[in-house]
Amino acid sequence: MEEVKHVLDLFDSAEKWKAYIELSNMREGLLNELKSRLLKEIQIIAKDRLDNHAWLFECDNNHIIIKPAETLLIGITIEWQWWSYPFLRRGAAIWVDAKNSDSYSVFEKLKTNKHILPLQDYEENIQNHEWFPFKKQIPSITFNVDDSVTSVEECLYMAKDNAQQLAENIWNEVFQPFASREIAENLKSFVM
């Protein structure tokens, strides 16, 4: 409560308070603009580097995902809306469609076959293994932030002036290790 009082003291005029309110009301729009800049660049990378016969690429303001082309039941994803939850802070994950697959069986197959997948930096996701059986925290250097930063807003600030570099960093850290035909075939076999 004391912190709130100190912050309120910063607004020593109605104009400053009004500016704060206007910026607060623009928060979602500002974040969407940063995501839009990033997504534009990451789509260019995906088109250039993914074997479109082996992988599908999808993105919107909620997520970025690559999926083996012949199944929509498994993929490698960044899900922005889950970053505020402890199980996926600043995270990437293996995603499984738990509604349309036996996610427990997929989880077991992933565990058993970890050695043939690029899961070195991933750990089992005990809190949400049905949808995200394996997760990893994306290194802070990917976003050019301190290690304590986990919010989407702070991590995406780099997209303001250097969306291309941020897209390259994310691609190399999260998606590139999986982007081969062999890995796509392996993942596909776990859900079919």
Side-chain angles (χ1 to χ4, degrees), residues 1-50 57-67 75-95 98 121-123 125-178:
M1 191 63 165
E2 201 59 37
E3 184 178 358
V4 170
K5 290 178 184 178
H6 289 299
V7 171
L8 278 174
D9 288 342
L10 295 173
F11 303 103
D12 56 4
S13 70
E15 291 81 22
K16 288 181 182 177
W17 182 249
K18 181 180 176 187
Y20 164 74
I21 297 300
E22 287 174 3
L23 282 173
S24 295
N25 290 337
M26 293 178 66
R27 181 179 179 267
E28 194 66 32
L30 293 168
L31 182 58
N32 285 338
E33 176 62 23
L34 293 176
K35 287 178 181 178
S36 177
R37 292 178 185 191
L38 170 65
L39 296 177
K40 177 182 166 194
E41 296 296 333
I42 210 158
Q43 284 174 319
I44 293 168
I45 293 170
K47 185 176 181 181
D48 182 53
R49 297 191 193 159
L50 274 181
F57 174 81
E58 297 175 7
C59 67
D60 61 27
N61 278 356
N62 295 317
H63 72 282
I64 303 168
I65 190 167
I66 62 173
K67 298 176 185 176
I76 310 337
T77 190
I78 295 173
E79 303 273 340
W80 307 117
Q81 71 265 23
W82 297 111
W83 277 25
S84 61
Y85 292 84
F87 73 87
L88 210 55
R89 284 215 168 93
R90 203 176 65 225
I94 305 296
W95 169 84
D121 298 332
Y122 286 75
E123 61 186 48
N125 188 0
I126 306 305
Q127 291 177 307
N128 195 336
H129 73 273
E130 297 88 12
W131 289 91
F132 304 108
F134 283 85
K135 66 176 181 171
K136 81 176 216 169
Q137 189 172 59
I138 303 169
S140 59
I141 195 163
T142 304
F143 303 98
N144 197 25
V145 297
D146 294 330
D147 199 45
S148 63
V149 173
T150 58
S151 77
V152 174
E153 295 86 352
E154 289 178 274
C155 287
L156 292 184
Y157 177 75
M158 185 178 179
K160 178 184 166 287
D161 296 318
N162 203 346
Q164 184 178 10
Q165 183 62 57
L166 180 57
E168 189 74 38
N169 293 353
I170 289 171
W171 185 266
N172 290 336
E173 183 61 41
V174 177
F175 301 107
Q176 188 60 43
F178 292 90

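Just so you know, residue 1 is the first one in the sequence shown, and it goes up from there. Only a predicted model underlies this, so the values are computations on that prediction, with no experimental measurement involved.
- A distance of 15.0 Å separates CD1 of Ile94 from NE2 of His129, quoted to the nearest 0.5 Å.
- Heavy atoms from other residues, nucleotides or ligands lying under 6.0 Å from OH of Tyr20 number 12 at most.
- Taken from CD1 in Ile45 to CG in Leu50, the straight-line distance is 10.5 Å, to the nearest 0.5 Å.
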Inset, instruction - Determine, step by step, whether Ile138 and Ile170 satisfy the side chain to side chain contact (heavy atoms under 4.5 Å, CB included) criterion, reporting the C-alpha distance in whole Å, the side-chain angles of both residues, the deciding distance to 0.1 Å, and the verdict. - result: CA-CA 8 Å; Ile138 303 169; Ile170 289 171; 5.7 Å; no

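- In this structure, Glu33 pairs ionically with Arg37, as a charged nitrogen and a carboxylate oxygen lie closer than 4.0 Å.
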Inset, instruction - Step by step, work out the side chain to side chain contact (heavy atoms under 4.5 Å, CB included) result for Thr150 and Gln137. - result: CA-CA 9 Å; Thr150 58; Gln137 189 172 59; 3.9 Å; yes

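- Within 6.0 Å of atom CD in Gln43, more than 12 heavy atoms from other residues, nucleotides or ligands are found, so the atom counts as buried in its surroundings.
- Here the side chain of Asp146 pairs no donor or acceptor atom with the backbone of Ser148 at under 3.5 angstrom.
- At least one side-chain heavy atom of Leu8 sits under 4.5 Å from a side-chain heavy atom of Trp17.
- Ile42 and Ala167 make their closest contact through N-CB, 3.7 Å (heavy atoms, listed as atom of the first residue, atom of the second, distance).
- Counting heavy atoms of neighbouring residues, nucleotides and ligands inside a 6.0 Å radius, atom CD1 of Ile21 exceeds 12 of them.
- Closest heavy-atom contact between Leu156 and Lys35: CD1-CG, 3.5 Å.
- Put simply, the side chain of Lys136 never gets that close to the backbone of Asp121: no donor and acceptor are under 3.5 Å apart.
- Counting all heavy atoms, side chain and backbone alike, Leu10 lies closest to Lys16 at O-CD, 3.8 Å.
- In this structure a side-chain-to-backbone donor-acceptor pair under 3.5 Å is missing from Asp9 to Asp12.
- Taking CG of Leu34 as the reference point, atom CG of Asp161 lies at 9.5 Å (rounded to 0.5 Å).
- Taking every heavy atom of both residues into account, Ala92 and Ile78 meet most closely at CB-CG1, 4.2 Å.
- Listed for the Arg90 side chain is a donor-acceptor partner under 3.5 Å among the backbone atoms of Asp147.
- The existence of a salt bridge linking Lys135 and Glu79 is excluded, since no basic side-chain nitrogen approaches an acidic carboxylate oxygen closer than 4.0 Å.
- Atom CG of residue Asn144 and atom CE of residue Met158 lie 5.5 Å apart, to the nearest 0.5 angstrom.
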Legend entry - Worked verdict on Thr77 versus Ile64 for side chain to side chain contact (heavy atoms under 4.5 Å, CB included): CA-CA 6 Å; Thr77 190; Ile64 303 168; 5.9 Å; no

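- Interatomic distance, CG of Asn125 versus CZ of Phe134, reported as 9.5 Å (0.5 Å rounding).
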Legend entry - Evaluation steps, side chain to side chain contact (heavy atoms under 4.5 Å, CB included), between Asn172 and Arg49: CA-CA 11 Å; Asn172 290 336; Arg49 297 191 193 159; 3.6 Å; yes

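- The aromatic rings of Tyr122 and Phe178 sit perpendicular, their planes meeting at an angle over 60°, well past the 30° parallel limit.
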Inset, instruction - Begin from the C-alpha positions of Phe143 and Trp83 and carry the test ring pair (Phe, Tyr, Trp, His ring centres under 6.0 Å) through to its verdict. - result: CA-CA 14 Å; Phe143 303 98; Trp83 277 25; 5.7 Å; yes

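- Trp82 and Phe87 have tilted rings, their planes meeting at an angle from 30° to 60° on a 0 to 90° scale.
- Between the Ser36 side chain and the Asn32 main chain, no donor and acceptor come within less than 3.5 Å of each other.
- Under the 30°/60° scheme for interplanar angles, the aromatic rings of Trp171 and Phe175 are found to be tilted.
- Of the inter-residue distances, the one linking Glu41 atom CD with Leu166 atom CG reads 10.0 Å to the nearest 0.5 angstrom.
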